[in-house]
Amino acid sequence: MSSSAPLIPLHSPACIVGVIGGGQLGRMLALAARRMGVRTLIWTGGLEAPAVEVADEVIDLAFDDPEALRRCCATATVATVEFENIPRETLDAVAALTPLHPSPQAITICQHREREKNFLREHNIPCTWFAVIANADDLANAMRELNGPGVLKTAAFGYDGKGQVKLEGTENPAEVWAAFDSDRAILEAWVPFEKELSVMVARSADGSMVTYDPAENRHRHHILDVSIVPARVSPAVALEATATARRVAEALDYRGILGVEFFLREDGSLLVNEMAPRPHNSGHHTLDACATSQFEQQLRAVIGLPAGSPRLLSPVVMLNLLGDFWPGETTPPDWLPLFADGEAYLHLYGKRRAIGRRKMGHANFLGLDALERAETMKEQWLKAAGGA
């Protein structure tokens with residue numbers, strides 16, 4: 001089946017969405033599909049996969065397994081991804097047999113910092129100053145040109161603060177590169193910023209788009225801590241952020257849900273930091289606070305349905321529940337205060353062990369005082385777990 005083949009009608013028993021990846025995003029995507037009467041196939045890649053508990057069919061094989069590819073494409077009507085770090089060869093092989101949204105091209109741009117930054121530069125979308133680094137001489141030249149603080153980041157497979165180191169600009173480039181342990185990287189200018197923002201944009205098959213209200217994101221240990229929606233920014237900044245997110249989706253010829261992250265500088269200007277070609281952590285609030293969740297929106301775009309309304313129904317704060325909230329690896333926090341709140345909603349990801357700061361779930365707090373309530377509860381749980 002070519003990527004332009006017509007889709008089987010949504011409610012046909014033969015309509016199956018193949019999801020490449022089986023983590024928590026795949027789990028929430030499969031839950032949304034069940035509510036809509038859509039069947040899902042989860043291809044785990046051989047990785048831990050909490051999504052399998054709610055999927056209709058499972059392929060628990062590696063992404064480079066020929067039998068897994070055959071089974072996925074023989075079963076799925078249409079395919080999508082729940083995380084971006086999937087080999088390009090796998091994406092191309094799926095797309096040659098089954099419609100895949102977003103496209104392999106869009107996914108591979110977003111999965112690799114060098115391609116991502118070059119894409120932004122080529123389309124005149126504001127981003128941080130950067131230089132591509134392949135050896136110690138490249139790093140020395142880039143540090144000389146930058147002449148100030150920067151961040152050295154691996155070109156691929158970096159997330160939640162992994163694969164990066166801050167440089168003040170006075171370090172020895174040869175020593176830094178030898179210790180960095182990467183074949184390819186980018187050096188970005190350090191950006192003093194006022195806030196970090198993100199916008200979720202969904203683009204349909206006909207090119208029409210809807211955007212969610214910008215989220216204001218705060219991090220803890222380089223991992224998203226809370227998302228505050230609507231972001232506490234001026235209407236002009238919110239409009240610019242949504243307009244830029246639309247420009248990114250248009251330039252990618254995107255189909256599906258896309259997360260675009262920004263730095264808001266003190267002068268009010270915005271720089272695109274990263275893109276995520278999938279549902280995003282900072283869009284989890286949409287499950288309880290928006291007319292259409294980001295997961296339903298992804299399914300609508302992939303299957304070919306009209307977009308749902310992204311309207312915000314209530315101010316909301318999403319609190320990430322990391323492993324350090326857990327008193328023990330298999331001992332969860334006391335959830336009673338959350339349920340007693342009355343306007344807080346718990347979403348657990350089905351992970352068996354709370355190791356380090358892995359993402360175990362999230363909670364959405366609705367209402368005008370949502371941030372205060374979320375922060376109070378977070379401190380209670382961290383104190384009980386002996387964390388910080």
Side-chain angles (χ1 to χ4, degrees), residues 47 63-64 83-89 91 105 107-196 198 217-225 248 259-267 269-277 281 322 324 355-359 388:
L47 307 173
F63 291 133
D64 60 357
F83 79 122
E84 59 266 38
N85 290 327
I86 298 164
R88 176 67 189 257
E89 294 78 12
L91 297 172
Q105 177 69 6
I107 296 166
T108 52
I109 287 172
C110 297
Q111 74 181 192
H112 192 274
R113 288 189 175 111
E114 180 182 340
R115 290 193 289 265
E116 185 177 62
K117 296 297 183 186
N118 283 328
F119 163 84
L120 293 170
R121 177 182 283 170
E122 289 164 8
H123 289 86
N124 297 313
I125 296 169
C127 65
T128 59
W129 178 95
F130 72 94
V132 177
I133 309 299
N135 51 54
D137 288 340
D138 287 346
L139 181 58
N141 292 334
M143 289 175 66
R144 192 178 306 113
E145 182 180 350
L146 177 59
N147 192 30
V151 184
L152 184 64
K153 300 181 178 182
T154 56
F157 302 111
Y159 62 96
D160 291 340
K162 298 179 177 68
Q164 57 184 268
V165 60
K166 184 180 179 184
L167 302 179
E168 296 302 327
T170 57
E171 296 86 352
N172 182 303
E175 292 177 359
V176 170
W177 187 249
F180 194 61
D181 191 28
S182 178
D183 293 332
R184 204 163 181 89
I186 61 169
L187 179 66
E188 292 182 4
W190 178 260
V191 179
F193 59 87
E194 181 182 323
K195 285 180 168 63
E196 291 184 80
S198 60
N217 302 317
R218 300 199 318 212
H219 293 75
R220 183 170 67 92
H221 304 298
H222 303 289
I223 304 170
L224 183 63
D225 182 23
V248 171
V260 182
E261 299 177 69
F262 298 89
F263 291 131
L264 172 62
R265 296 193 290 190
E266 293 180 354
D267 62 3
S269 62
L270 288 167
L271 298 175
V272 173
N273 181 31
E274 293 180 342
M275 296 113 67
N281 206 161
L322 305 182
D324 58 356
I355 304 169
R357 296 190 176 97
R358 73 188 309 204
K359 296 172 182 174

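Keep in mind that this is a model prediction, so the values were computed, not measured.
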Is any side-chain heavy atom of [X] less than 4.5 Å from a side-chain heavy atom of [Y]?
X: Leu224; Y: His219; result: yes
X: Leu322; Y: Arg220; result: yes
X: Phe119; Y: Met275; result: yes
X: Phe130; Y: Lys153; result: no
X: Ile107; Y: Ile86; result: no
X: Arg144; Y: Asn147; result: no
X: Val272; Y: Glu116; result: no

Discussion item. Check this for me: does any side-chain nitrogen of one of Arg357 and Asp324 sit under 4.0 Å from a carboxylate oxygen of the other?
Written reply: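 Looking at Arg357 and Asp324, the cut-off is met.
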Worksheet entry | Glu188 and Lys117 ion-paired at < 4.0 Å |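 Salt bridge present between Glu188 and Lys117.
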To the nearest 0.5 Å, what is the distance between [atom1] on [X] and [atom2] on [Y]?
X: Trp190; Y: Leu146; atom1: CH2; atom2: CG; answer: 12.5 Å
X: Ile186; Y: Arg113; atom1: CD1; atom2: CZ; answer: 6.5 Å
X: Glu274; Y: Thr128; atom1: CD; atom2: OG1; answer: 9.5 Å
X: Asn135; Y: Arg184; atom1: CG; atom2: CZ; answer: 9.5 Å
X: Arg218; Y: Asp225; atom1: CZ; atom2: CG; answer: 7.0 Å
X: Phe180; Y: Gln164; atom1: CZ; atom2: CD; answer: 8.0 Å

Worksheet item: Between the main-chain N or O of Leu271 and the side-chain N or O of Arg265, is there a donor-acceptor pair closer than 3.5 Å?
Response: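 Pair absent, no side-chain N/O of Arg265 close to backbone of Leu271.
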Worksheet item: Is the side chain of Gln111 donor-acceptor paired with the backbone N or O of Glu84 at a distance under 3.5 Å, no angle test?
Response: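 Yes.
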Worksheet entry | Intermediate values then yes/no, side-chain contact (heavy atoms from CB on, under 4.5 Å), His112 and Ile109 | CA-CA 6 Å; His112 192 274; Ile109 287 172; over 6 Å; no
Please report the shortest heavy-atom distance between [X] and [Y], naming the atom on each side.
X: Ala142; Y: Ala131; answer: CB-CB, 3.7 Å
X: Leu167; Y: Leu187; answer: CD1-CD1, 4.1 Å
X: Glu171; Y: Met143; answer: O-CE, 3.6 Å
X: Trp177; Y: Ser182; answer: CZ2-O, 3.1 Å
X: Leu270; Y: Pro126; answer: O-CB, 3.6 Å
X: Ile133; Y: Leu152; answer: CG1-CD1, 4.2 Å

Item to complete: Name the orientation class of the two ring planes belonging to Phe263 and Phe193 (parallel below 30°, tilted from 30 to 60°, perpendicular beyond 60°).
Response: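 Aromatic pair Phe263/Phe193 classed parallel.
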Fill in: Exceeds 12 heavy-atom contacts within 6.0 angstrom, atom CG of Asp183
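Incorrect, the count does not exceed 12.
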